[in-house]
A.B. asks: 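Dropping a structure here in structure tokens format, bear with me for questions.
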Amino acid sequence: MSLYNKLMPLPSDYFGISSVLYEFGGLVVIYGPAGGAWHINIEDEPRWYRNAPVVLGAGLLEMDVILGKEEVFIEKIVQTAKDLKKDFVSLIQTPVSTIIGADLEGMAREIELKSGVTAFSVNASGISTYQEGASKAMLTLIKKFVKKTDKKEKRINLLGNVHLDVGKEEKLKPLVKSLEKRGYEVTVFPSSKSNIKDLRKLSQAEKNVVISSSALESAEYMHKTFDIPYLVGFPIGEGEEFFALLENKAPEFSKSEKKGKTILVIGEGVRVLSLKKFLNKTGFDVITVSLFSTENLKKAPLEFLSPGENDFVFKNEKELENFLNKRNFDAIIADPLYKNLLHKNIPFVELPHIAVSARFYWNENYDYVGKEGEIYFKEKLKSFSLI
Amino acid sequence: MLIDKTRVKIKNFKTPDDFPFSPLEATGPNVSGWGVVETTLLLPNSVSLMVGPKTCLRHSAFMAHARGFYENFYMLEIDENELIMESHFEKLEKTVEEIVKKRKPEILILAGTCCDYILGTDYSETIKKLEKKFQIAVLYTVMAPLSIGSKPSPFELAYTALYDFLKGKKRKTQDDLVNVLGTFIPFDESGELCEALKSNGLQCMEIPKTENIRELSLMSDAKFSITVHPLGNVLASKLEKNLGIRNVFAPISYSLEEIEKNYEKIEKNLNLSFNLENKRKEAQKYSQAVSNLVKNKKIAIGTSVYGSAFELALALSKMGAEIKAIFVRNAPKPFEWEYIKKLRKIDPDVFVYNLSHPYLYENYEFFSDIEITYGVDAGIFCKNAVNVPLSRYQLNSYGYSNLKKLFEETEKNLNNPIDNYEWIYEKNLLI
């Protein structure tokens, strides 16, 4: 999406990395100029408010860049990690540190040696997408802290609780509760309830559920390394098909009569396709627009979602704006910021997406998972006389 | 205690080196941005185009959306290769063409980022080409926090970008024209400063009030500038040095003595006389009214207030308040040391805290006894206090009328307090 005006540029990879690492009690150092961490903390990290600091900026100035004062920053990071009693230190690249070729891996090794605190860097450029960053961060944690153990029956991981895509963690409660009601022990990754030591439990799962696209690589890795199969997607409604897949049963399909109405859904790949499944079942035709390609979601060994025709990705804001205004939709389900692109009145169901609108709608009341999600969407669609 | 590393007592705060610099930056949602977006859009009939990696653009986009003027703010994302190879100029030209066709601006502000700063990206030829092709003025600025300490801040640089537009415009000096520099929004209806100048036969030129490029260019014909915020100092200095427009720095103040001093400075430099006795008397009443509200109250002040946090601390201290904390992000500006010196005599035990210090965010209970905070940035630490934002996005007064505003805002918030979280997250005040 090259030229922006009515929408905001998406977060870059180091936002995704910091989103994943945020909950684990560590020190996340954005190795860049003054302002590097601001971009995250001011607009994209509402979890910060009146909590202990997690994401800090190195605050590089001109002479730091020219003279390459890595030793100075290593000492600062070591001291801060010790003073704040952090469990680990992670160094993250920015466009500036990428340009100057800062050796963050080497710095991390030295920090670990000097402080006794686990330190690592997550490979990023500061320029690629937040999903790539989140993906790398999750994979780094899993490779570093998860070892093969015995599987435990009825243990499930929900992979991909990246707040930039999922919103507040409590949005997953309906799914967690449904699983627990069926006797499952659920680990959400990453999560505000876990710490680095808890990560080893991840390999005990009998199945993984990928709830956002950035967890796909981790799920693939765990499938190959720990023989944990995975499915991509989450249920909206009772989730008969979803639970049947988890329990290795043949799912029973039911669909409502077609309504002859088309709904456009815009957002993160797993979310839009999960919503598409629910809406199709409810009798709607659905067109989806994902931020990034959903082709990789087809890799999942357990098939739940099926990206296919009528699933689009747009290169830029202008193309999306044209698409929204040239086609006819009976309703749109998307982040409120997309309203800026509309030239006409279309029934609009707001589904906030932090990656799109930052913290503007962080506290809004909405649901999109499980039974609560079904209620939310049906009520909204009913208010537009579409149900 | 860790908190000791984040603060210094006023009695020990004598040079910039005494400031409790932080090892790493901790900036929470209570801290404002660089102001580049607001500054670039001060100009009439202008649009802004920021060019850089998405990470830099997002922050400014957020500001623009929060302030409600995203329609005038464009962002062109460029990737790593384009950045390093400087191969984005063609893309830039096409983008400007698209913008100009749609918006027909008179001024385009082109903003680069830290990456341009390090790589030394040279936009000068491209700018000349754009100006010629599209018949618009193109001003260049750079949002490069990397340059802090060695150059003016990104905020100041953005404000100073206007100089490039004015330098070629001088026709002849207008003896009755005075520029007012450092404002974001026009002075309010009280317009005390401009009314006072008017009563002396002078016209006031405020950037946010100019309606088009022709009016804006008149600034280069002014005889004097009055700078009311340090943000305008670099521009004022360039105008003085290169266009002979003399400048007097008379910053926004809340203490009667400081306000009086500022007017005396203006009178002396501009060789005129104000009749502000009625205003002064009214201000004295408001000063007393504020004193009634704040006397013996434990108070904290943040750097986000309209004016200087140190000057406000001085004013409130004189009104009987107990100043417990002043939160700032950097070492004080040169003009603020005078306030610190005076505050030291009244209350040497006031603490100055570094708002960006990570250790400050470890213990919010520490400030639980604070009763009133001025500034939303200070408010995040003082969870039991009534938060009075006194923000530059709310206030636009000058001179004696500041006392009235200070009273009104304090009383309003004491009577109907709004939670700090709501100020930041619902009202988007401090960004």
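Hydrogens, waters and symmetry mates are skipped; everything else that's a heavy atom, side chains included, is used. Keep in mind that what you see is a predicted model, and the values were worked out from it rather than measured. Below, chains carry the letters A, B, ... as their sequence lines are ordered, and counting in each starts from 1.
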A.B. asks: Using non-hydrogen atoms only, which part of B:Leu49 is less than 4.5 Å away from chain A: side chain, backbone, both, or neither?
C.D. replies: side chain

A.B. asks: From B:Glu362 CD over to A:Asp83 CG, what is the distance, rounded to the nearest 0.5 angstrom?
C.D. replies: 9.5 Å

A.B. asks: What is the ring orientation for A:Phe360 with B:His65, classed by angle as parallel under 30°, tilted 30 to 60°, or perpendicular over 60°?
C.D. replies: tilted

A.B. asks: Heavy-atom distance under 4.5 Å to chain B: side chain of A:Tyr14, backbone, both or neither?
C.D. replies: side chain

A.B. asks: Before you tell me yes or no, could you show the steps for B:Met75 and A:Leu3 under side chain to side chain contact (heavy atoms under 4.5 Å, CB included), namely the whole-Å CA-CA distance, both residues' side-chain angles and the distance that decides it to 0.1 Å?
C.D. replies: CA-CA 6 Å; B:Met75 291 141 284; A:Leu3 179 66; 5.9 Å; no

A.B. asks: What about B:Tyr421 and A:Tyr49, are their ring centers closer than 6.0 Å?
C.D. replies: yes

A.B. asks: Looking at B:Asp4, I'd like to know if its CG atom is crowded, meaning that more than 12 non-hydrogen atoms belonging to other residues, nucleotides or ligands lie closer than 6.0 Å.
C.D. replies: yes

A.B. asks: Could you check which of A:Arg50, A:Lys76, A:Met63 has the highest count of heavy-atom pairs closer than 4.5 Å to chain B?
C.D. replies: A:Arg50

A.B. asks: Taking A:Val55, A:Val29, A:Asn51 one by one, which has the highest count of heavy-atom pairs under 4.5 Å against chain B?
C.D. replies: A:Asn51

A.B. asks: Measure the CE-OH distance between B:Met50 and A:Tyr4 for me, rounded to the nearest 0.5 Å.
C.D. replies: 14.5 Å

A.B. asks: B:Tyr359: what forms a ring pair (Phe, Tyr, Trp, His ring centres under 6.0 Å) with it, not counting sequence neighbours?
C.D. replies: B:His357

A.B. asks: Out of A:Pro33, A:Gly57, A:Gly59, A:Ala52, which one racks up the most heavy-atom pairs below 4.5 Å with chain B?
C.D. replies: A:Gly57

A.B. asks: Side-chain contact, heavy-atom cut-off 4.5 Å: B:Lys54 with A:Ser12?
C.D. replies: yes

A.B. asks: So for A:Ile77, is it side chain, backbone, both, or neither that comes closer than 4.5 Å to the heavy atoms of chain B?
C.D. replies: both

A.B. asks: Within a 6.0 Å radius of atom NZ on A:Lys344, are there more than 12 heavy atoms belonging to other residues, nucleotides or ligands?
C.D. replies: yes

A.B. asks: Chain A heavy atoms under 4.5 Å from B:Pro53: which part of the residue, side chain, backbone, both or neither?
C.D. replies: side chain

A.B. asks: By a 4.5 Å heavy-atom criterion (distance strictly below it), what part of B:Tyr364 contacts chain A: side chain, backbone, both, or neither?
C.D. replies: side chain

A.B. asks: Taking atom CD1 of A:Ile30 and atom CD of B:Glu25, what is their separation to the nearest 0.5 Å?
C.D. replies: 10.5 Å

A.B. asks: For the OG atom of A:Ser2 and the NZ atom of B:Lys94, what is their distance to the nearest 0.5 Å?
C.D. replies: 11.0 Å

A.B. asks: With a 4.5 angstrom heavy-atom cut-off, is it the side chain or the backbone of A:Thr98 that approaches chain B, or both, or neither?
C.D. replies: side chain

A.B. asks: Are the side chain of A:Lys6 and the backbone of B:Glu71 linked by a donor-acceptor contact shorter than 3.5 Å?
C.D. replies: no

A.B. asks: With a 4.5 angstrom heavy-atom cut-off, is it the side chain or the backbone of B:Leu2 that approaches chain A, or both, or neither?
C.D. replies: side chain

A.B. asks: Are A:Arg359 and B:Asn428 close enough, and set up right, to give a side chain to side chain donor-acceptor pair (under 3.5 Å), and what steps lead you there?
C.D. replies: CA-CA 10 Å; A:Arg359 61 167 166 84; B:Asn428 291 318; 3.3 Å; yes

A.B. asks: Using a cut-off of 6.0 Å, state whether more than 12 heavy atoms not belonging to A:Lys85 lie near its atom NZ.
C.D. replies: no

A.B. asks: So how far is it from A:Ile42 CD1 to B:Phe62 CZ, rounded to the nearest 0.5 Å?
C.D. replies: 8.5 Å

A.B. asks: How close do B:Pro358 and A:Leu84 get, counting heavy atoms only, and between which atoms?
C.D. replies: CB-CD1, 4.3 Å

A.B. asks: Under a 4.5 Å cutoff for heavy-atom pairs, which residue among A:Ser125, A:Ser357, A:Pro46 has the most contacts with chain B?
C.D. replies: A:Pro46

A.B. asks: Does A:Asn5 reach the main-chain N or O of B:Tyr70 with its side chain, forming a donor-acceptor pair under 3.5 Å?
C.D. replies: yes

A.B. asks: So what's closer than 4.5 Å to chain B heavy atoms on A:Asp13: side chain, backbone, both or neither?
C.D. replies: neither

A.B. asks: Side chain from CB out, backbone as N, CA, C, O: work out which of these in B:Lys383 comes under 4.5 Å of a heavy atom of chain A, or both, or neither.
C.D. replies: both

A.B. asks: At what distance, to the nearest 0.5 angstrom, does CH2 of A:Trp362 lie from CD of B:Glu426?
C.D. replies: 13.5 Å

A.B. asks: Given that the side chain runs from C-beta out, which part of B:Thr55 has a heavy atom under 4.5 Å from chain A: side chain, backbone, both or neither?
C.D. replies: both

